[in-house]
Novice: 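Please find one structure pasted underneath; my questions will follow.
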Amino acid sequence: MSAAELAIRTRRAAFNRAIAEGDAAAIAPILARDCVMITGSDSAVIAGRMAQVKVWRREFAHAGRMVYLRTSESVTVSTVQPIAMEHGRWQGTAADGEAALASGSYAAKWREVAGDWVIEAEVFVTLG
């Protein structure tokens, strides 16, 4: 595993921890300033780091909130640019439960900026 892949997988683990702990402030540095997320069911586009952090804060404030876990299956690092592509599976469970309420696939584009890997784009598809 390359240093870049290890760094991306470490950042993904930190993102998962932040979601589990309801810590929107910890999510912000993992996102590029102009990042884009396309949600899994309704294909809503959430553009920009601050917009995403706002959505996460709102999500974390709900008593019956979901906890989303992203499990990386592959990370391919470019040999010509400081970018990488991650593919994996995601699942959402109720914060107070263990059963998956939704699940699917995702793809994420990462970029190395000033020595840190940040998410530029994520696309989620709800399959279950």
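Because only heavy atoms are used, hydrogens play no part in the values below, and waters and symmetry mates are left out as well, while side chains stay in.
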Novice: Applying salt bridge (charged side-chain N to carboxylate O under 4.0 Å, His left out), can you list everything that pairs with R89, at least two apart in sequence or on another chain?
Specialist: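 Partners of R89 by the salt bridge (charged side-chain N to carboxylate O under 4.0 Å, His left out) criterion, ordered by chain and then number, come out as E73.
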
Novice: Between side-chain atoms of residues 74-82 and protein atoms elsewhere (two or more places apart, or another chain), which donor-acceptor pairs fall under 3.5 Å?
Specialist:
from, atom 1, to, atom 2, distance (Å)
S78, OG, V80, N, 3.0
S78, OG, Q81, N, 3.0

Novice: Mind checking what makes side chain to side chain donor-acceptor pair (under 3.5 Å) contact with T39, not counting sequence neighbours?
Specialist: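 Listed in chain order: D42.
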
Novice: Not counting sequence neighbours, which residues clear salt bridge (charged side-chain N to carboxylate O under 4.0 Å, His left out) with E112? List them please.
Specialist: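 By the salt bridge (charged side-chain N to carboxylate O under 4.0 Å, His left out) rule, E112 matches no residue at all.
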
Novice: Can you name the closest pair of heavy atoms from W117 and A4 and give their distance?
Specialist: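 Scanning both residues, the minimum pair turns out to be CZ2-CB, 3.6 Å.
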
Novice: R49 side chain to L31 main-chain N or O, any donor-acceptor pair under 3.5 Å?
Specialist: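 Confirmed, R49 side chain pairs with L31 backbone.
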
Novice: Run the side chain to side chain donor-acceptor pair (under 3.5 Å) test against S43 and tell me which residues pass, sequence neighbours left out.
Specialist: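 In terms of side chain to side chain donor-acceptor pair (under 3.5 Å), with neighbours along the sequence ignored, S43 is linked to no residue.
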
Novice: Could you grab the distance from atom CZ of R12 to atom CG of L69, nearest 0.5 Å is fine?
Specialist: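 Here the interatomic distance stands at 9.5 Å.
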
Novice: Does any N or O in the side chain of S72 come within less than 3.5 Å of the main-chain N or O of G88, such that one atom is a donor and the other an acceptor?
Specialist: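 Checking the backbone N and O of G88 against the side chain of S72, no donor-acceptor pair under 3.5 Å is found.
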
Novice: Where do I83 and K109 come nearest, in terms of heavy atoms and distance?
Specialist: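 What the structure gives for the nearest pair is CG2-CE, 4.2 Å.
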
Novice: Report yes or no: do V36 and F15 belong to one cluster of Ile/Leu/Val/Met/Phe/Trp/Tyr joined by side chain heavy-atom distances under 4.5 Å?
Specialist: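 Each belongs to a different hydrophobic cluster.
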
Novice: Please name all residues satisfying salt bridge (charged side-chain N to carboxylate O under 4.0 Å, His left out) with R65, sequence neighbours left out, ordered by chain then number.
Specialist: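 Salt bridge (charged side-chain N to carboxylate O under 4.0 Å, His left out) check on R65 returns nothing, list empty.
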
Novice: Is I119 reachable from I38 through a run of hydrophobic residues whose side-chain heavy atoms are each under 4.5 Å from the next?
Specialist: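 No, because I38 and I119 fall into different hydrophobic clusters, even though each may have its own neighbours under 4.5 Å.
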
Novice: Going by the side-chain hydrogen bond (donor to acceptor under 3.5 Å, both in side chains) test, name the single residue among E122, H87, E86, R70 that passes it with Y106.
Specialist: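 Testing each of E122, H87, E86, R70 against Y106, the sole residue satisfying side-chain hydrogen bond (donor to acceptor under 3.5 Å, both in side chains) is E86.
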
Novice: How close do T126 and S41 get, counting heavy atoms only, and between which atoms?
Specialist: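 So the two residues come closest at OG1-OG, 3.0 Å.
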
